[in-house]
Novice: 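Below are the structure tokens for one structure; questions will follow.
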There are 2 protein chains.
Amino acid sequence: MSAYAPNTHERASVAVDLAVLTVMDADLKVFLVRRNTHPFKNLWALPGGFVQAGRGAHLGEDLAAAARRTLRTTTGLPNGAGRLAQLQTFGRSERDPRGRTISVSWTALVPPDRAALIQVTDAREGWFSCAEEVPWMRLAFDHADILHAAIDRTRADIEYTNLAFSLVPSTFTVGELRDVHEAVKGSKHDARNFRRRFQRLVDDDKVEEAPGRRHLGRARPAKVWRFKAGLQ
Amino acid sequence: MSAYAPNTHERASVAVDLAVLTVMDADLKVFLVRRNTHPFKNLWALPGGFVQAGRGAHLGEDLAAAARRTLRTTTGLPNGAGRLAQLQTFGRSERDPRGRTISVSWTALVPPDRAALIQVTDAREGWFSCAEEVPWMRLAFDHADILHAAIDRTRADIEYTNLAFSLVPSTFTVGELRDVHEAVKGSKHDARNFRRRFQRLVDDDKVEEAPGRRHLGRARPAKVWRFKAGLQ
DNA sequence: GCAATAGTGTCTGTTAGACAATATGAC
DNA sequence: GTCATATTGTCTAACAGACACTATTGC
């Protein structure tokens, strides 16, 4: 940034776009909204919004603040209900026919109990299966690229981060945690080997037993656990 | 991006800023330029530039194209001489006193033989040690944050990617490759264990022997190798 | 001979992957 | 009793870390 040369560069609109992900029914799902305005009217899109301008004494919004606000206003979830992480910035000059728009994309991981609270008021928003539905959908702008990047990143990160704990309720069973791994990876885990890795987290005091048991269907009830270490 | 509301968002300048890294003398170094204009005049900064506007039939520059151009014009290296990877986008509203500026930051890994070709014409640009010098320097804008993010990312990625091969010449010795790992990690490796990991790359046909030998000082000459698998 | 780096092999502990049997509760 | 899931243990292969010696050159 050696010189300020307003003639040689245009100023661009800056948007944040969110890949809001959750795991429901052992399936990775993304929250999409249907556009009701030009361009790409009636196509499904990632929820997003423009970074707010500063007015008066205000200096304008942080990128992270814009992402938080967008998650809040498009899903109705309170701040902090999802884990936001900056993903990648997309800026192809033709990506928005209205004019030069830079999209700073984020992943937002939402636990399923929070996701269930999102009021799907009409047919203009909803959850879609990343494995079954999304590959057949045409998304607005370059949102298909963004979504694929988000899924790839999540898939890579779940191996060596605590990200999976952002996709289960605050207390959970080993089976629920395994479902999250399997939904994100798209492949099955050996339940015994998974349990052994989980046991190491217990031994390392990353996870503790929570009161109660939980059982679905007519199976044996499972112990309930809570993640202790700080998220991240 | 549900609606286009020009009144509620400002248009921002979009810059690319580059953490140009190389390993020289077994030390991780970054290329910095000294600003000769307001703001932060005379402070050291990452090389950067604004994303070019479209004019006439041109639609304006891609973000990656802007990064390539900035690397070329600030270092004199031809396109393709460095490995560019998008890092993170910084957008604190007060990060540039001239007005709202979004910085899409990149790491550029340059092999040392290319880095040596960069003409350091005057005292307004040069290579600085990330371990010895950078921690004591005040950089322009939030470039210290960007540089730390670049170093952290490089340090994390070198463990499980082929990134190190972008920091050695096209043919190299095992010792040179080990120097790169040690410079990036900031810690020593056991030469025997490192050689064993390297041997696996040879067995997997990722690396092949190149003609000749290379020796520095009065030590035994080392075999010379070439990375076979495509970069990345 | 001395200094300096290149190059090789062993032992041990950790981890992942493959694999089967028993336990518990709903129905 | 049947069904469905929870829970536990063994064997093997791959890999990392610690560690010592010989080989080859310049001086």
Side-chain angles (χ1 to χ4, degrees), chain A residues 23 25-27 155-156 158-162 164 168-169 171-226, chain B residues 23 25-27 155-156 158-162 164 168-169 171-226:
Chain A
V23 173
D25 310 321
D27 188 31
R155 192 167 291 168
I158 201 170
E159 300 279 5
Y160 63 100
T161 69
N162 298 134
V168 286
T171 66
F172 54 88
T173 69
V174 177
E176 288 166 344
L177 193 65
R178 181 159 39 83
D179 280 347
V180 166
H181 276 84
E182 291 178 349
V184 170
K185 296 292 299 294
S187 62
K188 290 286 179 192
H189 279 270
D190 181 282
R192 292 163 286 190
N193 294 336
F194 188 87
R195 191 55 163 79
R196 176 179 47 188
R197 274 208 309 278
F198 183 81
Q199 189 59 41
R200 268 198 287 276
L201 297 181
V202 179
D203 296 342
D204 293 352
D205 216 36
K206 303 278 178 61
V207 134
E208 64 182 0
E209 207 167 339
R213 305 202 134 220
R214 190 173 299 168
H215 64 104
L216 294 89
R218 48 183 172 173
R220 169 178 170 183
K223 286 183 188 165
V224 177
W225 305 87
R226 181 185 291 116
Chain B
V23 173
D25 309 321
D27 189 30
R155 192 168 290 168
I158 202 169
E159 300 280 4
Y160 63 100
T161 70
N162 297 134
V168 286
T171 65
F172 54 87
T173 68
V174 177
E176 288 166 343
L177 191 66
R178 181 160 37 84
D179 280 346
V180 166
H181 276 84
E182 291 178 350
V184 170
K185 297 292 299 293
S187 62
K188 290 287 178 191
H189 279 270
D190 182 282
R192 291 163 289 189
N193 294 336
F194 188 87
R195 191 56 163 79
R196 177 179 47 189
R197 274 208 309 279
F198 183 82
Q199 188 59 43
R200 267 198 289 274
L201 296 181
V202 179
D203 295 342
D204 293 350
D205 217 35
K206 303 279 178 58
V207 135
E208 65 182 1
E209 207 167 337
R213 303 202 136 219
R214 191 172 298 168
H215 65 106
L216 295 89
R218 49 181 173 174
R220 170 178 169 181
K223 286 183 188 164
V224 176
W225 305 88
R226 180 184 294 114

Novice: Using only atom types and a distance under 3.5 Å, with no angle test, would you say the side chain of B:Arg226 pairs donor to acceptor with the backbone of B:Glu208?
Specialist: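 Flag not set: sc B:Arg226 to bb B:Glu208 has no pair under 3.5 Å.
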Novice: Using side-chain heavy atoms (C-beta onward) and a distance below 4.5 Å, is B:Ile158 in contact with B:His181?
Specialist: yes
Novice: Minimum heavy-atom separation for B:Thr171 to B:Glu176, with atom names?
Specialist: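 For B:Thr171 versus B:Glu176, the nearest heavy atoms are O-OE1, 4.3 Å.
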Novice: Measure across A:Val23 and A:Asp179 and return the closest heavy-atom pair with its distance rounded to 0.1 Å.
Specialist: CG1-O, 4.4 Å
Novice: Looking across every strand, which nucleic acid part, if any, lies under 4.0 Å from A:Arg214 by heavy atom: base, sugar-phosphate, or nothing?
Specialist: nothing
Novice: Do A:Leu201 and A:Arg197 have side chains that get closer than 4.5 Å, going by heavy atoms?
Specialist: no
Novice: Want to settle it: does A:Val174 or A:Arg218 sit nearer the 5' end of DNA chain D, counting the closest nucleotide to each?
Specialist: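 Final value for this comparison: A:Arg218.
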Novice: Roughly, in whole Å, what's the span from CZ in A:Arg220 to C1' in C:dA26?
Specialist: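 One finds 14 Å between C1' of C:dA26 and CZ of A:Arg220, rounded.
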Novice: What is the first contacted nucleotide of DNA chain D and what is the last, in 5' to 3' order, if contact means an atom lying under 4.0 angstrom from a heavy atom of chain B?
Specialist: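 Result: D:dC15 to D:dG26.
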Novice: Which part of the nucleic acid, if any, lies within contact of B:Arg178, taking any heavy atom under 4.0 Å across all strands shown: a base, the sugar-phosphate backbone alone, or nothing?
Specialist: sugar-phosphate
Novice: Testing the basics here: between A:His215 and A:Pro221, what is the closest heavy-atom pair and its distance to 0.1 Å?
Specialist: CB-CA, 3.3 Å
Novice: Can you give me the closest heavy-atom contact between B:Trp225 and B:Val174, atom names plus distance?
Specialist: NE1-CG2, 3.6 Å
Novice: If you take any heavy atom closer than 4.0 Å to DNA chain C, which residues from residues 180-200 of chain A end up in contact?
Specialist: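 The stretch gives A:Asp190, A:Arg192, A:Asn193, A:Arg196, A:Arg197, A:Arg200 as the residues lying under 4.0 Å from the strand, ordered by number.
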Novice: Is the shortest side-chain heavy-atom distance between A:Asn162 and A:Lys206 below 4.5 Å?
Specialist: no
